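Right, one structure below, let's go through it.
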2 protein chains.
Amino acid sequence: MAGVSIATVSNVFSGRKVVTPELSARVNDAARALSYQVDRAASQLKSGRAQVVGVLVPNFNDTFFTSLVSRIEQLAAAVAYQVIVVSSQDDEAVEAARLDALMGWRPSGIIAVPATNTVPQLLRREFANLPIILVDRVGQDDLAVDTVTVDNHAAGWEAAQHLLDCGHRSIAIASSVSAFRPIQDRIRGVADCCAARGVPAPRVIEVGINHESGAEILGEWLNANQHPTAIIAMTNVTTLAALSALARGSLEIPDAISLIGFDDYTWMTARKVPLTAVRQPIDQIADRTWARLMSRIQGSAELPESIVLAATLQVRSSVARLA
Amino acid sequence: MAGVSIATVSNVFSGRKVVTPELSARVNDAARALSYQVDRAASQLKSGRAQVVGVLVPNFNDTFFTSLVSRIEQLAAAVAYQVIVVSSQDDEAVEAARLDALMGWRPSGIIAVPATNTVPQLLRREFANLPIILVDRVGQDDLAVDTVTVDNHAAGWEAAQHLLDCGHRSIAIASSVSAFRPIQDRIRGVADCCAARGVPAPRVIEVGINHESGAEILGEWLNANQHPTAIIAMTNVTTLAALSALARGSLEIPDAISLIGFDDYTWMTARKVPLTAVRQPIDQIADRTWARLMSRIQGSAELPESIVLAATLQVRSSVARLA
DNA sequence: CCGCCCGAGTTAAACGTTTCACTGTGAGTT
DNA sequence: AACTCACAGTGAAACGTTTAACTCGGGCGG
């Protein structure tokens with residue numbers, strides 16, 4: 001219809017070779033008239049390049065992950081990449097299956113938040129062939145690949161420090177699953193800070209990854225034990241669980257118990273007592289991850305890097321200043 | 001390596017023709033040894049079938065949408081479909097661009113939550129060719145396409161009814177953007193219920209789409225006007241805005257003012273006074289949407305259907321019972 | 001004026017599947 | 001015994017791009 005060869009059409013849309021404005025316009029007009037669109041399947045099959053990155057997250061319930069995905073999707077769209085998001089539902093078997101399906105796309109790269117500390121076998125096998133960036137839940141031994149994490153130890157330390165500065169000496173930690181590396185690090189951060197200041201070690205209560213059951217577990221624990229003067233929650237779901245448990249036990253924040261939340265969302269400020277919380281720099285995590293992935297895709301052969309970003313404490317009103 | 005033809009390999013993996021267990025096993029063994037995987041691009045190119053459905057949502061910040069996506073992704077994976085999620089970032093231009101990119105995948109179907117009342121042109125053009133289900137933000141009801149929505153009028157009515165039953169006669173509505181069809185319907189529902197019971201019409205305050213500025217607008221309105229005894233929020237952001245405004249004005253819920261929120265998020269129960277709220281049946285929305293899409297993909301030629309699901313009022317403690 | 005080069009466009013061969021039409025083989029039927 | 005049929009497997013032609021190798025002219029230096 002435009003009176004040109006197939007190759008010219010390809011050149012117009014891919015921009016690989018210069019086409020005179022005249023022809024280019026004719027091709028575009030024809031394309032519009034026929035609502036023609038480059039077929040990704042054919043394009044990908046022939047070129048081997050996919051313009052696709054796979055993103056694996058443990059679930060869509062934690063706002064941390066959805067925010068991450070949201071940002072990555074934006075960054076990708078800006079450079080005409082498509083994102084394929086899969087969720088492992090916090091299950092290693094599902095993770096393997098989804099990852100397998102993901103590989104069928106022949107993605108240019110993968111951004112993965114593993115469901116557990118152990119990197120999926122499927123992914124480990126691809127380390128050499130495929131740009132892969134591990135985010136957040138990264139175990140100790142993953143030095144063969146780029147990682148982006150938050151300095152969880154410092155985050156825990158900072159939260160504890162604030163509490164100690166406010167005179168608290170009896171601290172409890174509401175942990176989700178202490179086996180996860182980031183959680184471990186946060187707990188160690190709190191513990192190390194307490195130790196450095198000669199304060200008794202914090203008690204750790206594991207409440208799981210579900211808000212409802214977490215609230216119950218924590219509530220029971222509060223009933224059965226002497227109350228600490230402050231609680232540090234290790235994730236945003238545990239923050240919610242702590243909030244629920246305290247509300248049900250009619251324990252005022254911060255008068256009865258102080259609370260430091262993890263992650264920083266709008267609902268935390270929409271309360272009579274806005275929450276003091278540890279904010280993870282989600283956008284920055286996404287940005288650094290994306291930048292690293294792109295440079296790998298473009299062939300960078302640098303040694304694997306462990307990017308560690310700083311979390312910051314947002315001081316608001318949920319921590320009491322003790323005499 | 002398995003000593004069979006390419007066609008047989010295809011048959012083994014697609015299951016379109018029977019292959020003797022003997023050969024099938026040999027093919028599978030070889031595949032494992034070579035870590036062979038069917039190339040989606042080639043498969044799709046040749047067959048024209050994509051085993052992909054596109055999902056368009058306005059954003060990833062609203063749990064309503066992420067929950068929807070999460071559920072759809074699960075349903076899809078169960079039948080070996082892949083989901084490609086794109087976000088319009090509540091912007092019509094972005095929406096058009098993302099939709100365009102989506103079409104390049106030649107998806108088998110599309111599930112879309114439009115960013116505005118107007119169905120994207122790109123989508124409208126495909127109504128005849130491609131199974132499309134519109135969800136939630138659906139404008140006019142004369143569309144030639146399947147829709148899945150919540151009965152927003154009834155949802156508004158039910159919220160109002162609960163307030164009236166509790167003795168409230170002075171109701172304000174915190175609306176986001178009254179131009180959106182679902183918001184309109186909710187407001188009408190409240191107004192119609194009030195009218196039916198001979199109660200003064202509710203006042204509507206538009207607080208916009210942003211939590212912070214919404215809280216300010218609502219706070220100023222509360223300062224300048226005689227307080228209603230109850231507020232119904234029309235979206236989750238307005239719920240948050242109302243919560244912030246009331247907290248800043250030191251207006252206790254429900255003693256000073258009662259509040260009904262919209263959408264049912266976990267944080268709504270994690271408070272001293274858990275929020276009474278209108279819950280949309282997200283899983284059911286996803287299930288019905290998926291079922292409808294699958295039947296369309298399988299060639300159902302029924303007339304377009306408007307599936308309307310019921311929202312339910314979750315009565316908790318944020319509405320005062322007046323004398 | 002000749003030869004060369006360069007840029008713009010075209011030709012045609014892949015890419016890795018799916019699928020239609022085909023071959024052979026063995027069982028069932030007359 | 002001859003025929004038919006079902007069944008399992010194979011051969012080979014697409015699918016719609018990308019891309020290397022090519023053609024064709026016009027401009028330029030010698």
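Please read these numbers as outputs of a predicted model, since none were measured by experiment. Naming convention: chains lettered A, B, ... in sequence-line order (proteins, then strands); numbering from 1 in each chain.
- Atom pair B:Y36:OH and C:dG16:C1' shows a separation of 8 Å (rounding to whole Å applied).
- Nearer to the 5' terminus of DNA chain D, by closest-nucleotide assignment, is the contact made by B:T20 (compared with the other of B:T20 and B:L45).
- Between B:R292 and B:E302 there is a salt bridge, since at least one side-chain N of the basic residue sits less than 4.0 Å from a carboxylate O of the acidic one.
- Taking atom CD of A:Q37 as the reference point, atom P of D:dT17 lies 10 Å away to the nearest angstrom.
- With B:R137 contributing its side chain and B:A115 its backbone, the two residues share a donor-acceptor pair below 3.5 Å.
- Between B:F13 and B:Y36, the distance separating the two ring centers is shorter than 6.0 angstrom.
- Rounded to an integer number of Å, the gap from CD of A:Q51 to P of D:dT18 is 11 Å.
- Taking the charged nitrogens against the carboxylate oxygens, B:D146 and B:R288 have no contact shorter than 4.0 Å, which rules out a salt bridge.
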Using nucleotides 19-21 of chain D, report all nitrogen or oxygen pairs with the protein that are shorter than 3.5 Å.
residue, atom, partner, partner atom, Å
D:dT19, OP1, A:R49, NH2, 2.3
D:dT19, OP2, A:R16, NE, 3.0
D:dT19, OP2, A:R49, NH2, 3.4

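- Considering only the side chain of B:A42, C:dT17 comes nearest among C:dT17, D:dT10, D:dT17.
- Side-chain N or O atoms of A:N28 include one that pairs as donor or acceptor with a backbone N or O of A:S24 at under 3.5 Å.
- Residue contacts shown for A:V18 are limited to sugar-phosphate atoms, with no base heavy atom under 4.0 Å away.
- Looking at heavy atoms from C-beta onward, A:P107 lies out of side-chain contact with A:V53 at the 4.5 angstrom threshold.
- In this structure, B:Q44 places its CD atom 12 Å from P of D:dG16, rounding to the nearest Å.
- Contact annotation for A:S43: backbone-only contact, meaning every heavy-atom pair under 4.0 Å involves sugar-phosphate atoms and none involves a base.
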